[in-house]
Amino acid sequence: MIELLMRNPRQVIPTERFLEKIWGYDSDVEINVVWVYISYLRKKLAALHANVQIKATRNTGYSLEEKQ
């Protein structure tokens, strides 16, 4: 997930694209799994005192942006 975000900085990546790229198109994984892993990544970035954050765009997806 973080690799996909880092390869596309400041670009909104749809939640469905995470599902497709990581778990595969035919997977039975539901969208809330993406939410859980995004939460884990946010906690890890906070623990590292990273200067980036994962921003959610409602009903669209996620993007990696610098903290202001």
Side-chain angles (χ1 to χ4, degrees):
M1 291 182 109
I2 197 73
E3 180 182 350
L4 193 55
L5 289 165
M6 290 176 72
R7 288 183 184 264
N8 302 285
R10 295 179 304 278
Q11 183 178 357
V12 176
I13 300 170
T15 308
E16 293 80 19
R17 186 166 173 207
F18 285 115
L19 288 173
E20 188 178 306
K21 290 281 186 182
I22 297 168
W23 289 278
Y25 188 73
D26 296 333
S27 176
D28 291 337
V29 174
E30 295 187 18
I31 206 160
N32 61 342
V33 172
V34 174
W35 302 340
V36 169
Y37 279 97
I38 289 291
S39 174
Y40 291 156
L41 287 173
R42 284 179 170 154
K43 288 176 185 175
K44 287 182 181 187
L45 289 172
L48 293 170
H49 305 289
N51 66 340
V52 292
Q53 63 185 2
I54 299 173
K55 182 181 175 192
T57 305
R58 189 174 286 259
N59 296 325
T60 306
Y62 297 93
S63 60
L64 189 67
E65 299 187 5
E66 287 186 54
K67 287 185 180 178
Q68 295 179 349

Residues passing the side chain to side chain contact (heavy atoms under 4.5 Å, CB included) test with L4, sequence neighbours excluded, are N8, I13, R17, F18, K21
For residues 22-44, which residue pairs qualify under side-chain hydrogen bond (donor to acceptor under 3.5 Å, both in side chains), counting only residues two or more places apart or in two chains?
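Listed once each, the pairs would be none.
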Among residues two or more places apart or on two chains, list those pairs meeting side-chain hydrogen bond (donor to acceptor under 3.5 Å, both in side chains) that have a residue in residues 55-68.
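Matches after skipping sequence neighbours: S63-E65.
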Look up atom CD1 in I38 and atom OG1 in T15, then write down how far apart they are to the nearest 0.5 Å.
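It comes to 8.0 Å.
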Once rounded to the nearest 0.5 Å, what's the spacing between atom CG of L64 and atom CD of Q53?
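So the gap between those two atoms works out to 9.0 Å.
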Is there a continuous path of hydrophobic side-chain contacts, each under 4.5 Å between heavy atoms, that joins [X] to [Y]?
X	Y	answer
L5	L48	no
I31	I54	yes
V29	I2	yes

Report the C-alpha separation of M6 and V52 in whole Å, then their side-chain angles, then the decisive distance to 0.1 Å, and conclude whether the side-chain contact (heavy atoms from CB on, under 4.5 Å) test is met.
CA-CA 10 Å; M6 290 176 72; V52 292; over 6 Å; no
